[in-house]
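To find a chain, count down the sequence lines: A is the first, B the second, and so on, and within it residues start at 1.
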Amino acid sequence: MVTEPEASLITIDNQKIPFKHGQTIMDAALAAGIYIPHLCHFPGITPHGNCKHCTVEVNGKPVTACTTLATTGQKIRNDTVELNEARKSLTQMLFIEGNHICPSCEKTGNCPLQAMAYHLGMLEGHYPQQHPVREVDASHPTIMLDRDRCILCSLCVRASREVDGKNVFAIAGRGIDARLIVNTPSGKLIDSDIEVGDLAAKICPVGAILIKERGYDVPIGQRIFDQHRISEIGLENEIVKRAPSDDP
Amino acid sequence: MAESPHLLHRLYEIQQKHRYIPDESIGEVADQFGLPISQVRAVVDFYAFFYTSPRGDYHILFSNCTSCGYQARGVDLLQLLSQQLGVSVNQTRADGRVSVHETSCIGLCDHGASLLINGIPLVRLDPAGIWQMVGLIESGKPLTEWPQAWFHIDNTLHKRGLLLETDLSPGEGLQALLARGWEEILAEIVQSKLRGRGGAGFNTGLKWRLCKEAVAEARYVVCNADEGEPGTFKDRMLLQQYADTLFEGMTICAHIIGAREGYVYLRGEYRYLLPHLQTILARRRQTSLLGKSILAKTGFDFDIEIVVGAGAYICGEESALIESLEGKPGIPRSRPPFPVTQGYLGQPTVVNNVETFIAAAHIAYKGGAWFSSVGTVESAGSKLLSISGDCAAPGIYEYPFGVTLQQILQDCGADNVQAVQVGGPSGILIDQSAFHRRIGFEDVSTGGSLMVFSDQRDVLDIIYQFAAFFAHESCGFCTPCRVGTTLLKQNLYKIVTNQGTRYDMAELQHTSELVRRYSHCGLGHTAANPILDGLQSFPQFFERRLIQRDFSPHFNLDAALEEARRMTQRDDVDAHLEQDIE
């Protein structure tokens, strides 16, 4: 088959961008410097499409950009009022579903969820607060698990398996009762082989997994999203390397 | 009857022994299956029929379906039973004798209020029966000494059509297949224009061909017998009376696509059908209709295993079903790839409904033209309907596609009908003005559920029950469905309990549209259907419960102070907020 140059272009909001075979819409967009809002996506880790923030319209149909392969000629709408309004509602859902108290959270200023809220112009939680009762796991000497803030994006689950070559986390439960669990007989983090250097310990887009004894070592005002918008940081496209043992 | 060493079966076995799954067993099972402990824990957590605390000697699951649920002519049988037994709903009595829970539809909608007691269905309940049950439970009588009429399920076939009128002896379809060769039989299936009976309506011949053409090490045939859509019970009848034809259809499919293994994924609520199904499988093995060299054809090796689910509506979604078959929580996969190229164990897999395989077996014997001579252009053949609700003759009806709702309502003896829910809660709520519409993929599509609601019903109560159903059954994978279905339920509850305002109706609309458009799978896409249909066709049921105010809070201010009152040991007038009740 002859590959024409036209054959590897997609259009996002009237901008034509190239893609390579096997790339998703998200991969192609990030490579071309186009920001598609996302929380549960991380370059190099198998995409899941659970947060739904990266929903774009392909020929009018909503799909998640992180799980949909780019194919020639796709006409994609991304930065539209309707989609950004929906993304704002989804962000609000994530806020009210857990217990997110930004002013007292160590992650404030470094938190993609919070930055997403600012990016989308979210001014309030809108939906009724669910006030779930969730378990804190402070058993580990250096890593803290505060499920109140977990948004069930499963990045830690995937990072641990795919990059760290371990299997520390999983999601259990169903519906609104879904919860992050630790893969140990006790269910406690201290019995796992997680280490501070693991990607799983650092990847959390909220303050659910925090490194202990490092509170506020960067002052508020100098933190990532005090300096940058999430639409800049979210474009950083360094692709993580998979663990040798991981079979993608 | 020994079950296959499937994770779900092992967990069930442990639960039978202990009345729950003790934490230490989770580790043992993980070792035994070579699985991470988190996976076993996630499975136990995901399925509604696995418990992490002990259940009673008599474990009762009351259906909360609008048709086979515990509301019997204005009497709440669940409350009656739990009060008489002195046990709270969703708890086990202190002496361990009994536990009473509610569960999603158990597929007995043609039998009135029904429940499962230790997995066995008990039907046609009324207050007198509940009183009698209480006595039997308190005196510890084994179920074998209970009135046996209570357990009697009769499949009332009110109307037979194309499939149910035709006899097919075991092996006849397979003999036709071997006599004519797989190419010709596949051509017959294609020519028949058979489409999947589960509701989505994908062309069956095309599905089988795509599976056959996919490059693979192995291929699988899977029967979706996870009939979980509330109001559906036609597969229960088919599994009881036509299991041979089902297995024949699966075996024909296996030969066409080149599969050696097949699975029936049976919903946990139908576990009581297992011995019957196993008997028929054994008979088919003895008569060379299953196993090695079927009907003496060298290389035609195929067998079927039954895997029993454990209470998860989402497992009716084909990719969630496959996850469950693989011993995982039933979370739908991202599609594409579709199961037909990457299904069970990553291999090409045909997943079809019970009724689809039965139709395919008949087509193999009678031909595609026989089948497509009935029905409409877009929807060939017939459809089995499970009819329940407010009608004189609930039961199973087989109609040619294209039949009008009007005709159906007349046949089942439904008078003063206010609304019909076709296709279950995930389907469509239809008011009187549209009873001229027809059953078919091109008009009103249904997996088989048809629930009739008379003008005595409050449509809003029904919609609320459906919203509660989806909130309970959402798998929790994606944000809009996980959070949205719970918000919809809460939002509706506010209106149902006369706390809602116009603002809440607008919110309901907005959240519904979000859940419908942005969810990951069919459950989320359809979960808001009853609400959206209700707002459009029955707005008066919402409006009459609204309070005339711009806004009212989501929570009761006075109730929110309860904890503070307990801590300060106060309950005087000053410790309460004034409630302005309208």
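Atom NZ in A/Lys52 sits 12.0 Å away from atom OH in B/Tyr518 (nearest 0.5 Å). Atom-to-atom distance recorded for B/Asp45:CG and A/Asp177:CG is 9.0 Å, nearest 0.5 angstrom.
The local environment of NZ in B/Lys489 is sparse, with at most 12 non-hydrogen atoms from other residues, nucleotides or ligands closer than 6.0 Å.
If you measure heavy-atom distances from B/Phe470 to chain A, you find no contacts under 4.5 Å at all. Only the backbone of B/Ser519 comes within contact range of chain A, judged by heavy atoms closer than 4.5 Å. No part of B/Glu24 comes within reach of chain A, as not one of its non-hydrogen atoms sits under 4.5 angstrom from that chain. With a threshold of 4.5 angstrom between heavy atoms, A/Gln130 approaches chain B through side-chain atoms but not through N, CA, C or O. Using a 4.5 Å cut-off between heavy atoms, B/Asp23 contacts chain A through its side chain alone, with no backbone atom that close. At a 4.5 Å heavy-atom cutoff, A/His53 makes no contact with chain B through either its backbone or its side chain. For A/Ile171, the part sitting under 4.5 Å from any heavy atom of chain B is the backbone (N, CA, C, O) and nothing else. Looking at B/Ala30, there are no atoms closer than 4.5 Å to chain A (heavy atoms on both sides), in backbone or side chain.
A donor-acceptor contact shorter than 3.5 Å is absent between the side chain of B/Arg482 and the backbone of A/Ile176. The backbone N or O of A/Ile181 lies less than 3.5 Å from no partner atom in the side chain of B/Arg41, so there is not a single donor-acceptor pair. A donor-acceptor distance shorter than 3.5 angstrom exists from the side chain of A/Asn183 to the backbone of B/Ile37, with no hydrogens or angles considered.
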Step-by-step side chain to side chain contact (heavy atoms under 4.5 Å, CB included) determination, A/Asn50 to B/His520
CA-CA 7 Å; A/Asn50 60 58; B/His520 175 67; over 6 Å; no

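Ranked by heavy-atom pairs shorter than 4.5 Å toward chain B, the options A/Pro62, A/Ser89, A/Gly49 are led by A/Pro62. Contact count against chain B (heavy-atom pairs under 4.5 Å) is highest for A/Cys51 among A/Cys51, A/Cys40, A/Pro47, A/Ala170. Highest contact tally toward chain B, considering only A/Thr64, A/Ile96, A/Asn167, A/Thr184, is held by A/Thr184 [criterion: heavy-atom pairs under 4.5 Å].
Listed by sequence position, A/His126, A/Tyr127, A/Pro128 are the residues of residues 113-128 of chain A in contact with chain B, using a 4.5 angstrom heavy-atom cutoff. Heavy-atom neighbours of chain A within the stretch residues 323-342 of chain B, taken at a separation under 4.5 angstrom, comprise B/Ser334. Along residues 472-479 of chain B, the residues that come nearer than 4.5 angstrom to chain A, judged on non-hydrogen atoms, are B/His472, B/Glu473, B/Ser474, B/Cys475, B/Gly476, B/Phe477, B/Cys478, B/Thr479 in order of number. The contact list for residues 144-157 of chain A toward chain B, using heavy atoms and a distance under 4.5 Å, reads A/Ile151, A/Leu152 by residue number.
At least one side-chain heavy atom of B/Leu514 sits under 4.5 Å from a side-chain heavy atom of A/Met93. Under the 4.5 Å side-chain criterion, counting only non-hydrogen atoms from C-beta, A/Val182 is not in contact with B/Ser38. With a 4.5 Å cut-off on side-chain heavy atoms, B/Arg517 and A/Glu57 count as touching.
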